[in-house]
Amino acid sequence: MSSRTSPFSRPITIRRAVARDAKRLTRLVRGSRAYEGKYAAAVAGYRVGPDYIEAHRTFVAVGADEHGDRVLGFYSLVLAPPELDLLFVADEVQGRGIGRLLVAHMQSEARAAGLDRVRVVSHLPAEDFYHRVGAVRTGTALAHPPAVPWDRPEFEFRIPSE
């Protein structure tokens with residue numbers, strides 16, 4: 001578990017996700033404004049289940065609020081083949097550095113796992129974010145209808161050894 005500060009008003013902790021986080025992570029994915037309109041089909045039935053959390057390195061960013069710990073975002077790192085499978089930040093806290101904290105944490109986890117690069121197939125509205133946090137465009141992932149009927153930008157994070 002690590003604690004970092006960001007422009008968010010309270011301290012943010014990044015911790016390993018646990019099975020009881022599954023419903024909150026699923027709500028975050030399905031409720032994302034980035035997947036409204038023509039993109040809605042991509043997440044309509046999506047589920048982040050306890051089995052997924054157990055199978056992958058899934059981490060959540062939490063911040064304390066009046067109701068206890070609040071999930072602000074999360075990511076999932078798949079080791080073989082190395083891929084950032086999911087990265088979501090709650091709509092109401094986007095632009096406050098939480099995505100950047102999650103990416104830095106992911107890079108640290110990837111380094112600790114001995115990875116030298118991590119692939120990302122980006123959602124179109126997230127393309128600029130990945131550029132800003134240092135990912136390098138490597139190509140295009142072709143559409144997979146019916147769920148994803150559009151091509152998506154493909155990126156790579158290069159993970160330097162320390």
Side-chain angles (χ1 to χ4, degrees), residues 1-2 4 12-19 21-35 38-62 71-91 93-94 97-162:
M1 183 161 32
S2 65
R4 299 183 183 189
I12 295 170
T13 301
I14 298 177
R15 64 163 172 79
R16 189 80 185 244
V18 295
D21 292 320
K23 287 182 181 177
R24 292 195 286 180
L25 301 185
T26 297
R27 278 194 304 270
L28 205 156
V29 170
R30 289 184 184 174
S32 173
R33 282 193 310 258
Y35 284 90
K38 70 179 184 177
Y39 301 120
V43 297
Y46 199 89
R47 179 177 169 268
V48 180
D51 53 336
Y52 180 91
I53 290 170
E54 197 170 301
H56 304 294
R57 293 184 183 209
T58 305
F59 289 85
V60 295
V62 294
V71 172
L72 304 172
F74 77 101
Y75 76 88
S76 181
L77 176 63
V78 175
L79 297 181
E83 183 171 359
L84 178 61
D85 187 40
L86 299 171
L87 174 64
F88 281 84
V89 174
D91 291 334
V93 295
Q94 287 183 10
I98 295 163
R100 191 172 288 279
L101 286 176
L102 287 167
V103 166
H105 190 274
M106 178 277 299
Q107 290 172 313
S108 177
E109 283 293 311
R111 186 177 301 106
L115 303 177
D116 63 352
R117 52 193 72 231
V118 174
R119 175 181 182 247
V120 179
V121 176
S122 175
H123 181 46
L124 287 168
E127 185 173 7
D128 289 341
F129 167 77
Y130 285 113
H131 279 295
R132 287 192 309 271
V133 295
V136 176
R137 177 87 187 249
T138 57
T140 301
L142 299 178
H144 290 289
V148 186
W150 53 85
D151 294 345
R152 295 160 293 156
E154 191 171 304
F155 290 91
E156 184 174 86
F157 284 102
R158 299 199 174 113
I159 310 296
S161 58
E162 289 189 318

### Task
Assign the ring pair His131 / Phe155 to parallel, tilted or perpendicular, where the plane angle (0 to 90°) is split at 30° and 60°.
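His131 and Phe155: perpendicular rings.
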Pairwise side-chain contact, [X] with [Y], heavy-atom cut-off 4.5 Å (strictly under):
X      : Y      : answer
Phe74  : Val48  : yes
Arg24  : Val60  : no
Pro153 : Arg137 : yes
Val43  : Arg47  : no
Val62  : Leu72  : no
Arg57  : Phe59  : yes

Can a donor-acceptor pair be found, under 3.5 Å and without considering hydrogens, that links the side chain of [X] to the backbone of [Y]?
X      : Y      : result
Ser122 : Leu124 : no
Gln94  : Val89  : yes
Asp151 : Ala143 : yes
Arg100 : Leu102 : no

### Task
For His56, enumerate each residue passing the ring-ring contact (aromatic ring centres under 6.0 Å, His included) test, keeping only those at least two apart in sequence or located in another chain.
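Partners of His56 under the ring-ring contact (aromatic ring centres under 6.0 Å, His included) test: Tyr52.
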Heavy-atom pair with the smallest gap, counting every atom of [X] and [Y]:
X     : Y     : result
Ser76 : Thr58 : OG-OG1, 3.3 Å
Ile53 : Ala17 : CG2-O, 3.5 Å
Gly49 : Ala22 : C-CB, 4.0 Å
Gly31 : Asp91 : O-OD2, 3.4 Å

### Message
Could you go through Glu127 and Arg152, starting from their C-alpha distance and side-chain angles, then the distance that decides it, and tell me whether this counts as salt bridge (Lys or Arg N to Asp or Glu O under 4.0 Å)?
### Response
CA-CA 9 Å; Glu127 185 173 7; Arg152 295 160 293 156; over 6 Å; no
### Query
Quick one: which of Leu86, Thr26, Leu25 gives a side chain to side chain contact (heavy atoms under 4.5 Å, CB included) with Tyr46?
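The option that passes is Leu86.
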### Query
Between the side chains of Tyr39 and His123, is a donor N or O closer than 3.5 angstrom to an acceptor N or O?
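Per modelled atom types, Tyr39 and His123 side chains form no pair under 3.5 Å.
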### Task
Could you check Phe129 against Leu87 for side-chain contact (heavy atoms from CB on, under 4.5 Å), going step by step and ending with a plain yes or no?
CA-CA 11 Å; Phe129 167 77; Leu87 174 64; 3.5 Å; yes
Find the distance between [atom1] ([X]) and [atom2] ([Y]) and round it off to the nearest 0.5 Å.
X      : Y      : atom1 : atom2 : value
Phe157 : Leu84  : CZ    : CG    : 6.5 Å
Asp85  : Leu77  : CG    : CG    : 9.5 Å
Leu115 : Met106 : CG    : CE    : 9.5 Å
Glu109 : Arg111 : CD    : CZ    : 10.5 Å

### Message
Run the salt bridge (Lys or Arg N to Asp or Glu O under 4.0 Å) test on Arg119 and Glu154 for me, step by step, so that the C-alpha distance in whole Å, both residues' side-chain angles and the decisive distance to 0.1 Å come before the verdict.
### Response
CA-CA 7 Å; Arg119 175 181 182 247; Glu154 191 171 304; 3.1 Å; yes
### Query
Does a salt bridge link Glu156 with Arg158, judged by any charged N lying under 4.0 Å from a carboxylate O?
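Looking at Glu156 and Arg158, the cut-off is met.
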### Query
Is it true that Arg16 and Asp21 have a side-chain N and a carboxylate O under 4.0 angstrom from each other?
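No, Arg16 and Asp21 are not salt-bridged.
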